[in-house]
Amino acid sequence: MLTLKLIRDNKEFVIERLAIKNNNARTSVEKIIELDKLRKSFQNQSDNKLAELNKVSQKIGQLIKSGQKEQAEQAKQVTINLKEDTRRLTQQLSDTEKQLQEILITLPNLPHSSVPSGKSAKDNIIVRSGGPKITENENMLPHWDLAKKYDIIDFDLGNKITGTGFPVYKGKGAKFQRSLISFFLDEAIKAGFREVIPPFMVNPDSGFGTGQLPDKDGQMYYITFDNFYLIPTAEVPVTNIFRDVVLNESDFPVKYTAYTPCFRREAGSYGKDVRGLNRLHQFDKVEIVVIENPKNSYTQLETMVNYVESLVVKLCLPYRILKLCGGDMSFTSALTYDFEVYSEAQKRWLEVSSVSNFESFQANRLKLRYKDEVTKKNQLAHTLNGSALALPRVVAALLENNQTVNGIKIPDVLVPYTGFKLID
RNA sequence: GGAGAGAUGGCAGAGUGGUCGAAUGCGGCGGUCUCGAAAACCGUUGUUCGCUUUCCGGCGGACCGGGGGUUCGAAUCCCCCUCUCUCCGCCA
């Protein structure tokens, strides 16, 4: 959520920046400014009436104490109109605040000044790429065939138990999955992140705090009976650890990592995008979350990108890093880098990580602040996060790229975790 | 799931209708003392919105788990919700 102050003081700038995200915000912004003025007016009036009422009430107390019953009764008459006025004004005030809030939460975050304009993923900019050279071998099996051949991932079985998009990992496939999770967590811990295991369901307040609600309501699984949402990413529970928290500057940077399964309804997806492991309703992911001082958040973002890069390098995957254009960025992000790895049998790039700076957009919703050492005022902190990494597409690429006639080779860094060098 | 108790400032803990944003203790910050520190003593110490102010600040509103109600007036009384604790039941 953008702050009112930002919109009030930089109206044209806000509209201009939101246009980069293909969002025509003029109407909303103008409505917000209008409602803000109205809100102030109502607050002023109601404050004055309340102050008057408080004075009279105090006087009544004193009169009663000193036994002046008559005058007390007279004073009570005065409050009748005052009460009616304050009731009306506070009602108008809260109605206006509600309207204001409703529009405010529909505005996406402003893109950072370096974000390129663009409509879709086609306009994203390749920042750099690396990893082993892509082979042009035509005889490679896609991972869904490999999964069946070695009996390591069973899509049909998951379909039977739950439905499409809920695979069952079996034997070496399961161990491989668990190894990746452990590897990613151990790497994160080495890089200074503190591991947490958060709840996999969250309440609506948490969903709102990180920006999933109300914007992406239909993308999350919802437990109506208890009013909980299944988490679409560990970002939600982990960032919400800091909801309503005031940090000290010396606490920065706060670095957390968590493994969680992620649940996404993925309504509207179809075709080759959802084949095999490409898009699932339940998948595993290790996430990194950082709470940072605003003045360091962009340096921190680069650090996180470098960290995620070190992971794909260690796994020997061909990768590229994209800076997302305005049109492809999420609602909450100010700047996002995507990581894609090349899947050699599918001959396409698969997104395996997304690293973002949300600046104060989530913090404003979360009321996540820090005490400024100089001014002693509470200021909004910056939040950042990234996938490090999401498993299924990493698994897809590893299976496809490492297939040999003898079986699938396990990357060296994972062998200590799997205990085997080959899936055969 | 049943019965009872409770939710107050960073923490502990008073406050059951009237200058209570809230005693007191601890902690934090500033100072005196000291070569320095500790102790002692003195002072200070919540958030948020609005108005005002060249800075310092000043004035007003709201906030004692959340929401609603009674009353001229609510931390205090009533109702609903959430959560915590104790006992019982169940249970990985």
Q: In this structure, how many angstroms lie between the P atom of B/U47 and the OH atom of A/Y370, rounded?
A: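 Rounded to whole Å, this separation is 15 Å.
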Q: Could you state the atom-to-atom distance from NZ of A/K69 to P of B/C72 in whole Å?
A: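 The distance from NZ of A/K69 to P of B/C72 comes to 15 Å, rounded to the nearest Å.
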Q: If we take the P atom in both B/A62 and B/G21, what is their distance in whole Å?
A: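 That atom pair is separated by 10 Å.
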Q: What is the distance, to the nearest angstrom, from the CG atom on A/L366 to the P atom on B/U47?
A: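 From A/L366 CG to B/U47 P: 20 Å.
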Q: For residues A/F361 and A/F331, establish whether the separation of their ring centroids is below 6.0 Å.
A: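 A/F361 vs A/F331: aromatic centres under 6.0 Å.
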Q: Identify whether the distance between the nearest side-chain nitrogen and carboxylate oxygen of A/E52 and A/K55 falls below 4.0 Å.
A: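 Looking at A/K55 together with A/E52, the answer is no, because their closest N to O distance does not fall below 4.0 Å.
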Q: Counting side-chain heavy atoms from CB outward, which of B/U47, B/C51, B/C72 is closest to A/N378?
A: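 So the nucleotide nearest the side chain must be B/U47.
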Q: Using atom P in both nucleotides, what's the gap between B/G6 and B/U44 to the nearest angstrom?
A: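 Result for the P pair: 35 Å, nearest Å.
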Q: Distance from A/E400 atom CD to A/D145 atom CG, nearest 0.5 Å?
A: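 Interatomic distance, A/E400 CD to A/D145 CG, rounded to 0.5 Å: 9.0 Å.
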Q: Identify all pairs in which a protein N or O lies below 3.5 Å from an N or O of nucleotides 59-68 of chain B, and state each distance.
A:
unit_1: B/G60; atom_1: N2; unit_2: A/D47; atom_2: OD2; d: 3.1
unit_1: B/G61; atom_1: OP1; unit_2: A/N54; atom_2: ND2; d: 3.0
unit_1: B/G61; atom_1: O2'; unit_2: A/D47; atom_2: OD1; d: 3.0

Q: Quickly work out the A/D244 CG to B/G10 C1' distance and round it to whole Å.
A: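 So the two atoms are 15 Å apart, to the nearest Å.
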Q: P atom, B/A40 versus B/G46: distance in rounded Å?
A: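 Per the computed distance, 24 Å lies between those P atoms.
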Q: Output the rounded distance in Å from NZ (A/K49) to C1' (B/C51).
A: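 To the nearest whole Å, that distance equals 17 Å.
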Q: Suppose you measure atom P in B/C29 against the same atom in B/C35; what distance do you get, rounded to whole Å?
A: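 Rounded to whole Å, the distance is 23 Å.
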Q: Side-chain N or O of A/R39 less than 4.0 angstrom from OP1 or OP2 on B/G50?
A: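 Answer yes for this pair, as a side-chain N or O of A/R39 is under 4.0 Å from OP1 or OP2.
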Q: Taking only Watson-Crick and G-U wobble pairs with both distances under 3.5 Å, what dot-bracket line describes RNA chain B, where [ ] shows pairs that cross earlier ones and | shows pairs with another strand?
A: ((((((((.[[[..)..(.....]]]((((((.......))))))(((((((....))))))).[[[[[..)....]]]]])))))))....
Q: Base, sugar-phosphate, or nothing for A/S57, non-hydrogen atoms under 4.0 angstrom?
A: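 A/S57: base contact, heavy atoms under 4.0 Å.
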Q: Are any of A/R369's side-chain N or O atoms less than 4.0 Å away from OP1 or OP2 of B/G46?
A: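 For B/G46, neither OP1 nor OP2 has a side-chain N or O of A/R369 closer than 4.0 Å.
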Q: Work out how far the P atom of B/G50 is from that of B/U86, and round it to whole angstrom.
A: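 Approximately 43 Å lies between the P atom of B/G50 and that of B/U86.
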Q: Could you state the CD-P distance from A/Q58 to B/C20, rounded to the nearest angstrom?
A: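 Atom-to-atom, A/Q58 to B/C20, this comes out as 9 Å.
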Q: Quote, to the nearest angstrom, the P distance that separates B/G27 from B/C11.
A: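 Comparing P positions in B/G27 and B/C11 gives a spacing of 16 Å.
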Q: Quick check on the 6.0 Å ring-centre criterion: do A/H112 and A/Y298 meet it?
A: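 Between A/Y298 and A/H112, which both carry aromatic rings, the centre distance is below 6.0 Å.
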Q: Check every strand shown and say whether A/L82 touches a base, only sugar-phosphate, or nothing at a heavy-atom separation below 4.0 Å.
A: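 If one applies the 4.0 Å heavy-atom cut-off, A/L82 turns out to touch nothing in the nucleic acid.
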Q: With a 4.0 Å cut-off, would you call A/K37 and A/E34 a salt bridge?
A: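 Salt bridge between A/K37 and A/E34, a charged N being under 4.0 Å from a carboxylate O: no.
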Q: Counting any heavy atom closer than 4.0 Å, what does A/K371 reach on the DNA or RNA strands: base, sugar-phosphate only, or nothing?
A: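 Contact class for A/K371: sugar-phosphate only.
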Q: Take the angle between the ring planes of A/Y221 and A/F166 and call it parallel below 30°, perpendicular above 60°, tilted in between.
A: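 The rings of A/Y221 and A/F166 sit tilted, inter-plane angle from 30° to 60°.
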Q: Assign each of A/Q62 and A/A75 to its nearest nucleotide of RNA chain B by heavy atoms, then name whichever residue's nucleotide is nearer the 5' end.
A: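 By nearest-heavy-atom nucleotide position, the 5'-most residue is A/Q62.
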Q: Please report, rounded to the nearest Å, how far the C1' atom of B/C29 is from the NZ atom of A/K376.
A: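 Interatomic distance, NZ of A/K376 to C1' of B/C29: 8 Å.
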Q: Between B/A37 and B/G28, how many Å separate the two P atoms, rounded to a whole number?
A: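 It works out to 15 Å between them.
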Q: Salt bridge between A/E30 and A/K11, side-chain N to carboxylate O under 4.0 Å?
A: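 Between A/K11 and A/E30 there is a salt bridge, with a charged N closer than 4.0 Å to a carboxylate O.
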Q: If I pick the P atom on B/C87 and the same atom on B/G10, what distance separates them, to the nearest angstrom?
A: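 Roughly 30 Å separates the two P atoms.
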Q: Could you check how far CG of A/L368 sits from P of B/U47, rounded to whole Å?
A: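 For the pair A/L368 CG and B/U47 P, the rounded distance is 16 Å.
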Q: Evaluate salt bridge (Lys or Arg N to Asp or Glu O under 4.0 Å) for A/R26 paired with A/E12, printing each intermediate quantity in order.
A: CA-CA 8 Å; A/R26 182 165 294 278; A/E12 292 303 324; 2.9 Å; yes
Q: From B/C72, B/C51, B/U19, pick the nucleotide closest to the side chain of A/K40?
A: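 Among B/C72, B/C51, B/U19, the one nearest the side chain of A/K40 is B/C51.
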Q: With side chain to side chain contact (heavy atoms under 4.5 Å, CB included) as the test, would you mind laying out the steps for A/L315 and A/V413 before giving the verdict?
A: CA-CA 7 Å; A/L315 292 172; A/V413 288; 4.0 Å; yes
Q: Does one side chain, of A/R243 or A/S206, offer a donor that lies under 3.5 Å from an acceptor on the other?
A: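 On atom types as modelled, these side chains qualify, holding a pair under 3.5 Å.
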Q: Considering non-hydrogen atoms only, spot the tightest contact between A/N240 and A/D205 and give its length.
A: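 Heavy atoms only, the tightest pair is OD1-O, 4.2 Å.
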Q: With heavy atoms under 4.0 Å as the rule, sort A/R87 into base, sugar-phosphate or nothing.
A: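 The answer is nothing, as A/R87 stays clear of every strand by at least 4.0 Å.
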Q: Is A/E73 touching bases, backbone alone, or none of the nucleic acid, heavy atoms closer than 4.0 Å?
A: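 If one applies the 4.0 Å heavy-atom cut-off, A/E73 turns out to touch nothing in the nucleic acid.
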